Each structure stands twice: as structure tokens, then as C-alpha cells.
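In what follows, a single structure is set out as C-alpha cells and then discussed.
Per chain, numbering begins at 1; letters A, B, ... match sequence-line order. Keep in mind that this is a model prediction, so the values were computed, not measured.
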Protein chains: 2
Amino acid sequence: MGTKQLSGSPEDADLTRADSLAREIFSDVANKWALLIIEALGERTLRFGEVRDEVEGISHKMLTQNLRMLERNGLAECTVYPTVPPKVEYTLTEPGLALRETVHRMCDWTHRYIGHIESSRDRFETV
Amino acid sequence: MGTKQLSGSPEDADLTRADSLAREIFSDVANKWALLIIEALGERTLRFGEVRDEVEGISHKMLTQNLRMLERNGLAECTVYPTVPPKVEYTLTEPGLALRETVHRMCDWTHRYIGHIESSRDRFETV
DNA sequence: CGGCATCCCCAAGGATACTG
DNA sequence: CAGTATCCTTGGGGATGCCG
């Protein structure tokens, strides 16, 4: 991802290690559910169920799974209130908010080009 | 994705239609292979095999599949030279280049926070 | 070389249910 | 309400092969 992969210099091991780590992070994050959750959370703090309501069509399982992933990568934080019934809140950290900026750009892009894309699809079908 | 989903007004059908279209486009594009291909193509024109070499670990099938998708959405264009053996070149269109800007942001983000993320992971494991 | 089809398998992910 | 586990299905995606 941008980083050259030459060989011979001493810090190569670190470079390629950082590179594969970068790819791994990218793969974690570059999937629709993760991005939609990040978008949904925004600058607010939401409960589990609220996130589920915001993210159209996500299953319980996918939500937990992706929230764990975000937590593990330090993009979201989770606060558990030891009440009954439980109350668990999620909020984006600073890295998460920074990523959200890029997600916003993607959303903006989608809306800006939605017309182009739709007509391109029409042309593509009728070939 | 940003668009409110109230109900009652006459243009609602169009709004929700645009919205579901937006989600569809987003899902198409928000996956690691698509984004990595867009990143790889950059402002250059590359042959099929060259893209495959650029995008670490992608299979023949996934590459064709995603290239078709990009073509269908008007994000990439494909030029076929009727030579033998065939030569097929791909290049990003203007919408594709615009999307690439956002991909760049994501890559920058990855590199900026790679340290945070790595240490966050360490903390997460050792709980 | 690159598109397309076929086969095949594993893992993603939905549904359900029990727990604290 | 939310986490975790179990089951089960589906389709994503790899491997291979043939064709233009």
C-alpha cells in the first residue's frame, strides 16, 4: 500500500511487517458493515440496540463481531453499565473519528456520482 | 446514509429508491479488493496482468469480477486490443479517480494510526 | 493473454436460544 | 438488553481448464 518492497536494507523486515500490518488493518476496516457502523456512530454515543437500528439490515452477530473488531483496533470504546438489564454504550475514539472523516468522503462521493453510476449501469446492461 | 427516511411526502418513493441505490453502490465499492484495485490503477493505464501483479494476493477470478463491477458502475474503462494474444487495458474514469481520492485518505489514515492500532491490539489481547 | 465456465469447499454470516 | 454459543445454510472465492 504505497510502501515500496525493495530488498537488501536492514530495516526490510520491519518495512514488510508494517506493510502486511497495514494491509490487515485495511482489510479489517474496508468492508461495508464496519464502515456503516462507523458512520452510524458518528460523534454520538449509542447503545448496542441503537446502532443496530441505525445500520439497516445488520444482524446481531455481525454487529457484535464488528464492534469487537473496532474495539480491538482502538477505533471504538465500549462502556458497560452493570445494571439489569445491561446497558452497553459505544463511542468512537479519536482514530475512529479520523477514519470517519474518510467514510464521509466516500458517502459524499456516492451521492455526487449516483447519477453517473446509474446511467452507466443502464448503458452496461443494454449491450 | 445521511438521507432521512421520513414518510408522507410525494417524492418519498424517489428518495428511498435513491437511498437504496446509494447503499448498493456503497456495498459494491466498500470492499477491500475493489478499493485496492482502484488504488493500484491510480492515474495509470494497466493491463490485466499488471493489475494482478500490483494487487497482492488477488485471484484471477476476483480481479475479473471486480473489474467488471467497476466497469459497470462507470468507474473504470476497458480497452481491448484485438491482437493475439489479447491485450486488455484498464484505466480509471473521472468518477473512479474521484473515488480514488477517498481511498487515498483511507491509506493515509492507516499509516497515520498504524502505531495506535498495533498497541491497542496488544492491550486488547492481554486482557 | 485474458475471459468465461465449472467444480468444490470452507468460512461468512443468518437464525435461534440460553445466560447474566 | 446484550454477549456468547451452536447449528445450518449459502455463496464467496480458490483452483482448474478451455477457448478466442
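- Between dC4(C) and Arg68(B), a contact under 4.0 Å exists linking OP1 or OP2 to a side-chain N or O.
- Of the charged side-chain nitrogens involved, none lies within less than 4.0 Å of a carboxylate oxygen, so that Glu101(B) and Arg105(A) do not count as a salt-bridged pair.
- Between Arg47(A) and the phosphate of dC1(D), there is no side-chain N or O to OP1/OP2 separation shorter than 4.0 Å.
- Straight-line distance from the CD1 atom of Ile37(B) to the P atom of dG2(C): 14 Å, rounded to whole Å.
- With no hydrogens or angles considered, no side-chain donor-acceptor pair links Asn31(B) and Asn31(A) at under 3.5 Å.
- Atom pair Gln65(A):CD and dG14(C):C1' shows a separation of 11 Å (rounding to whole Å applied).
- Between the side chains of Glu94(B) and Tyr113(A), a donor-acceptor pair is found at a separation under 3.5 Å.
- The distance between atom CE of Met62(A) and atom C1' of dG12(D), rounded to the nearest whole Å, is 14 Å.
- At whole-Å resolution of the value, CG in Leu63(B) and P in dG12(D) are 17 Å apart.
- For the 3.5 Å distance criterion, the side chains of Tyr90(A) and Glu50(A) fail to qualify, holding no donor opposite an acceptor.
- Nucleotide dA11(C) holds its P atom 18 Å from the CG atom of Asn31(A), rounded to whole Å.
- Side-chain N/O atoms of His60(A) and base N/O atoms of dG3(D) include a donor-acceptor pair closer than 3.5 Å.
- Here the nucleotide nearest the side chain of Pro86(A), chosen from dC1(C), dG20(C), dG3(C), is dG20(C).
- A straight line from OH of Tyr81(A) to P of dC1(D) spans 17 Å, rounded to a whole angstrom.
- Within the 4.0 angstrom heavy-atom criterion, base atoms lie near Lys61(A).
- Closest to the side chain of Phe48(B), out of dG14(D), dT6(D), dG2(C), is dG2(C).
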Does Glu125(A) form a salt bridge (charged side-chain N to carboxylate O under 4.0 Å, His left out) with Arg72(B)? I'd like the steps, not just the answer.
CA-CA 8 Å; Glu125(A) 308 313 339; Arg72(B) 176 172 115 90; 2.6 Å; yes

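- Within the structure, a side-chain polar atom (N or O) of Tyr90(A) is placed less than 4.0 Å from OP1 or OP2 of dG3(D).
- Counting to the nearest Å, the C1' atom of dA2(D) and the CG atom of Asn66(A) are 16 Å from each other.
- In this structure, the CD atom of Glu89(B) is 12 Å from the P atom of dG3(C), given to the nearest Å.
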